[in-house]
Amino acid sequence: MRFNIALASLVVLCAAPAHAETLLLNCRTIDNLNADPRTWFASPPETTEAMLRAGFELGVAGFMVEPFTTWAIDMEARQISSPESAGPPYENAEISSSLVSAAMVSPSGSVLTFRFNRINNQVTLRKSLDEEGRTAWKVAHGRDFPVLISFTQTCSVRSVPN
């Protein structure tokens with residue numbers, strides 16, 4: 001009898017997809033580290049436009065803007081994306097009962113990480129520019145580019161079936 005119950009439980013667990021849902025996150029930034037681009041210049045530009053232009057010239061403009069505030073985590077596909085972005089999603093997310101995390105390397109070599117703590121509903125986003133990019137920045141603007149830029153967001157979460 002015990003064997004039949006165990007076998008029936010196994011069949012039920014295998015029949016349903018493990019994560020057949022999408023988590024929709026609506027977030028707001030509550031903390032950041034090294035995220036003020038004005039501190040990355042020996043002589044900060046006078047306007048935001050000039051600052052962003054300097055960022056575009058060296059391929060770091062994406063580091064100068066606030067992160068997206070909406071996220072979709074497709075648990076079955078193990079992808080994390082933002083409806084605010086036309087860029088590629090984070091792929092191959094690691095999913096547990098308490099954490100969803102993923103990382104990607106951008107075409108310019110920057111490392112981007114996403115971590116969603118399912119217990120406290122906080123997202124931590126980290127961006128890191130490669131050594132070559134940080135050196136180019138220092139030569140052009142006279143100050144070190146941060147090794148790590150981090151944002152913490154608190155989120156409301158809604159689950160929808162796939």
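From a predicted model like this one, the values you see are computed outputs, not experimental measurements.
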ask   = Looking at OG of Ser128 and CG of Leu112, how far apart are the two atoms once the value is rounded to the nearest 0.5 Å?
value = 9.0 Å

ask   = Quick one: are the ring centres of Trp137 and Phe41 less than 6.0 Å apart?
value = yes

ask   = Just by distance, do the side chain of Trp40 and the backbone of Asn34 share a donor-acceptor pair under 3.5 Å?
value = yes

task = Among Thr124, Leu125, Ile95, Val100, find the one that has a side chain to side chain contact (heavy atoms under 4.5 Å, CB included) with Phe116.
result = Val100

query = Rounded to the nearest 0.5 Å, how far does OG1 of Thr29 lie from CZ of Phe68?
reply = 12.0 Å

ask   = Taking atom types as modelled, is there a side-chain donor on Thr69 or Glu84 under 3.5 Å from an acceptor on the other?
value = yes

request  = Would you please name every residue forming a side chain to side chain donor-acceptor pair (under 3.5 Å) with Gln122, sequence neighbours left out?
outcome  = none

ask   = With hydrophobic residues grouped by side-chain heavy-atom distances under 4.5 Å, do Phe151 and Val65 end up in a single group?
value = yes

remark   = Rounded to the nearest 0.5 Å, the NZ atom of Lys127 sits from the OG atom of Ser150 at a distance of 10.5 Å

query = Any side-chain donor-acceptor pair under 3.5 Å between Asn162 and Thr22?
reply = yes

request  = Enter the distance from Met64:CE to Phe56:CZ here, rounded to the nearest 0.5 Å.
outcome  = 9.5 Å

remark   = When rounded to the nearest 0.5 Å, the distance separating OG1 of Thr135 from CZ of Phe145 is 12.0 Å

key: Pairwise distance CZ(Arg158) to CG(Leu23) - rounded to 0.5 angstrom   = 11.0 Å

query = Using 4.0 Å as the upper bound for N to carboxylate O, is an ion pair formed by Arg53 and Glu57?
reply = no

